[in-house]
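Step one of this worksheet: look at the structure below.
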2 protein chains.
Amino acid sequence: MIKNSDLEKENFNVWLIEDNLHFRRTINGLINQTPGMKCSNAFETCEEAISVLETEFPPQVILLDIGLPGMTGIEGIEKFKMLSPSTHILILTIYDDNEKVFDALCAGASGYLLKDSSPDKIIGAIEEVLSGGAPMSMQIAHKVLEIFSNLKPKKNDYGLTDRESEILKLMVSGLTKQLIADQLFLSFHTVNTHLKNIYVKLHVNTKSGAITKAFKENLI
Amino acid sequence: MIKNSDLEKENFNVWLIEDNLHFRRTINGLINQTPGMKCSNAFETCEEAISVLETEFPPQVILLDIGLPGMTGIEGIEKFKMLSPSTHILILTIYDDNEKVFDALCAGASGYLLKDSSPDKIIGAIEEVLSGGAPMSMQIAHKVLEIFSNLKPKKNDYGLTDRESEILKLMVSGLTKQLIADQLFLSFHTVNTHLKNIYVKLHVNTKSGAITKAFKENLI
DNA sequence: ATGACAATCGCACGTTCGTGGTATATTAAA
DNA sequence: TTTAATATACCACGAACGTGCGATTGTCAT
């Protein structure tokens, strides 16, 4: 292996995965024009990149599109992260919908840029990611916070009493009516009554339904 | 009300809540030196700001510290967002632990800066937030993505088959064994057998247990 | 071709659950 | 003081569940 020769030292290596030929060439050129950076590989699909990853050293950064033929970028992130956890993956795509953003970041992307970003921004983002940051386009950062604020849903209030909430928790934790009764030093019948009331308030009619609702609406 | 007089037009109004006198004066001066911005109020506590909010127009932006006497900044965010949903809240604090960041962003903050940010960064962040962005210090953005990638826990693999996962989903959605059978055009007995196998694989022995596990471990 | 696995189907028995009632004591609000 | 809400307790019956035993079929890799 004479891969990392003198010529390459201090050069950060970037791979590019992008199915659009024109865009691929543009970015490729952009990176190679930047001192200290090198785009050693540019692929059309994740599959190609993965096969090369078996024989070559992984790059510091992968610039990754999402809308790709075959394996999507999202799926790709997971593969790359498994094969080379230290490689930073920077999404560069046109998609700005919540789901794609959410999935990409959950999968382990280190940044998310939209394709309308200026060349400066793109190079700046690569540098930022290399120094431990998490570059995002303005709209994406905004979406991320939006996702966050929806994450903690305003506890839907079904008017459960304290006792009922307490029993719901124990129910979620997997206890039977009898065991809940034992735990709270109550009669089985009392727990039974509480459960009936909980079901009415949550509009369900099974333990399972109550548990599902408890999780979906953060009642736990 | 002659509040928004000619003098103020095109001036964005910023409030500052910060208990450290020195820092408060510094930031106050910084904002007022910036053309197009005005820091009309600087408070030591959220409580003071809230009381003033009852008589004055809310600002476009509130620069908010977290470590405050009395009501914490996190609690403050919720109050402010209730009283004036359109006001952007920009956290400016020394705290960079996951919990504070998570809570602040969940509560509806529009950005999160650390106090070691340069004056330029702070002013730039205010501008960014006003134009719909979500400014974050580099470390914070990184933490945010970190939180994201922990959000979707690596699907613990209990070796459920496709059929079993499918049935688990229906179970979570609240169906009884018989209804699951109907849905999938299977015999009741088949579903029963699948459930038995699911229970073994998930190490549970009730529907409720399976559902709880499905939620907690993201098997859905 | 043998074995491992997945998916399908069957029965029986005991346990737990869901639901229809009823009832009492305490507390807080009207 | 009456009313409403909460927490407590009891019973009975049918429905649903959990589990122990089977079984047949197809697929796929060794």
Side-chain angles (χ1 to χ4, degrees), chain A residues 47 50-51 54 71 79 154-220, chain B residues 154-220:
Chain A
E47 285 86 344
I50 288 168
S51 77
E54 282 164 17
M71 184 185 299
K79 296 275 181 194
K154 50 272 155 223
K155 294 200 172 190
N156 248 327
D157 194 8
Y158 288 96
L160 293 185
T161 67
D162 291 348
R163 202 47 153 175
E164 286 162 357
S165 300
E166 193 178 11
I167 288 177
L168 180 57
K169 266 174 217 144
L170 292 174
M171 194 170 9
V172 166
S173 83
L175 304 184
T176 64
K177 293 177 180 181
Q178 185 57 61
L179 287 176
I180 295 175
D182 294 349
Q183 189 92 20
L184 300 177
F185 305 108
L186 291 176
S187 141
F188 169 86
H189 304 292
T190 304
V191 174
N192 203 25
T193 304
H194 281 306
L195 281 194
K196 280 191 278 192
N197 295 331
I198 292 173
Y199 293 165
V200 170
K201 289 185 180 177
L202 298 190
H203 311 300
V204 299
N205 58 352
T206 63
K207 240 174 115 180
S208 306
I211 292 177
T212 297
K213 202 132 193 175
F215 273 106
K216 286 193 176 162
E217 321 237 357
N218 264 70
L219 304 174
I220 36 170
Chain B
K154 50 269 156 228
K155 296 201 175 191
N156 248 326
D157 194 7
Y158 288 96
L160 292 185
T161 67
D162 290 348
R163 202 49 155 173
E164 286 162 356
S165 300
E166 193 178 11
I167 288 177
L168 181 57
K169 266 173 216 144
L170 292 175
M171 193 172 7
V172 167
S173 83
L175 304 184
T176 64
K177 293 177 181 182
Q178 185 57 60
L179 287 176
I180 295 176
D182 295 349
Q183 189 93 19
L184 299 177
F185 304 107
L186 292 175
S187 138
F188 169 85
H189 303 292
T190 305
V191 174
N192 202 25
T193 304
H194 281 307
L195 282 195
K196 281 190 277 194
N197 294 330
I198 291 174
Y199 292 166
V200 171
K201 290 183 180 177
L202 298 190
H203 311 301
V204 299
N205 59 352
T206 62
K207 243 174 111 179
S208 305
I211 293 176
T212 296
K213 201 134 193 170
F215 274 105
K216 285 194 176 161
E217 321 237 355
N218 263 70
L219 306 173
I220 36 170

Integer-rounded Å distance: D/dA16 P and A/Asn205 CG: 10 Å
Taking all non-hydrogen atoms of both residues into account, name the closest pair between A/Val204 and A/Ala210 and its distance. CG2-N, 3.8 Å
Rounded to whole angstrom units, what separation is found between the CG atom of A/Asp162 and the P atom of C/dA28? 13 Å
Nearest-angstrom distance from the residue atom CG of B/Leu160 to C1' of C/dA7: 15 Å
Value for CG (B/Leu184) from OG (B/Ser187), rounded to nearest 0.5 Å, stands at 11.5 Å
To the nearest 0.5 Å, what is the distance between OG1 (A/Thr206) and CG (B/Leu175)? 9.5 Å
Non-neighbouring partners of B/Tyr199 that pass ring-ring contact (aromatic ring centres under 6.0 Å, His included), sequence neighbours left out: none
In this structure, how many angstroms lie between the P atom of C/dT8 and the CG atom of B/Leu195, rounded? 13 Å
Taking the minimum atom-to-atom distance to the side chain of A/Glu164, which one of D/dT19, D/dT8, D/dA7 wins? D/dA7
Nearest-angstrom distance from the residue atom CD1 of B/Ile198 to C1' of D/dT19: 15 Å
For A/Thr176 and A/Lys207, which heavy atoms make the closest approach, and how far apart are they? CA-NZ, 3.7 Å
Where do N or O atoms of nucleotides 20-25 of chain D meet protein N or O atoms at under 3.5 Å, pair by pair?
from	atom 1	to	atom 2	distance (Å)
D/dG20	O6	B/Lys196	NZ	2.7
D/dC21	N4	B/Lys196	NZ	3.2

Given C/dT8, D/dG18, D/dA7, the nucleotide with the shortest approach to the side chain of A/Thr161: D/dA7
If we fit an axis to the first five pairs and another to the last five of the helix from C/dA1-D/dT30 to C/dA30-D/dT1, what angle do they make, to the nearest 10°? 50°
B/Tyr199 side chain N/O closer than 4.0 Å to the phosphate oxygens (OP1, OP2) of D/dG18? yes
Intermediate values then yes/no, side chain to side chain contact (heavy atoms under 4.5 Å, CB included), A/Leu195 and A/Ile198: CA-CA 5 Å; A/Leu195 281 194; A/Ile198 292 173; 4.1 Å; yes
Separation of atom NE2 in B/His189 from atom P in D/dT19, rounded to whole Å: 18 Å
Search all heavy atoms of A/Lys201 against all heavy atoms of A/Gly159 and return the closest pair with its distance. NZ-O, 2.9 Å
State which of D/dT6, D/dG18, C/dT8 makes the closest approach to the side chain of A/Lys201. D/dT6
Looking only at side-chain N and O atoms, does B/Tyr158 offer a donor or acceptor that is under 3.5 Å from a partner on B/Glu164? no
Can you list, pair by pair, the side-chain donor-acceptor contacts under 3.5 Å of residues 165-172 of chain A, counting residues two or more places apart and other chains?
from	atom 1	to	atom 2	distance (Å)
A/Ser165	OG	A/Thr161	O	3.1
A/Glu166	OE1	A/Arg163	NH1	2.9

B/Leu202 backbone acceptor or donor facing B/Lys213 side chain under 3.5 Å: yes
Would you kindly give the CG-to-P distance between B/Leu168 and C/dA7, to the nearest whole Å? 14 Å
I need the residues from residues 176-188 of chain A with at least one non-hydrogen atom less than 4.0 Å from DNA chain C; give them sorted by number, or say none. A/Thr176, A/Lys177
When the distance from NE2 of B/His194 to P of C/dG10 is rounded to whole Å, what number comes out? 13 Å
Rounded distance (nearest 0.5 Å) linking atom NZ of B/Lys177 with atom OG1 of B/Thr193: 9.5 Å
Quick check on D/dA9: is either OP1 or OP2 less than 4.0 Å from any side-chain nitrogen or oxygen of A/Thr190? yes
Contacts of B/Asp182 meeting side-chain contact (heavy atoms from CB on, under 4.5 Å) (sequence neighbours excluded), chain-then-number -> B/Gln178, B/Leu179
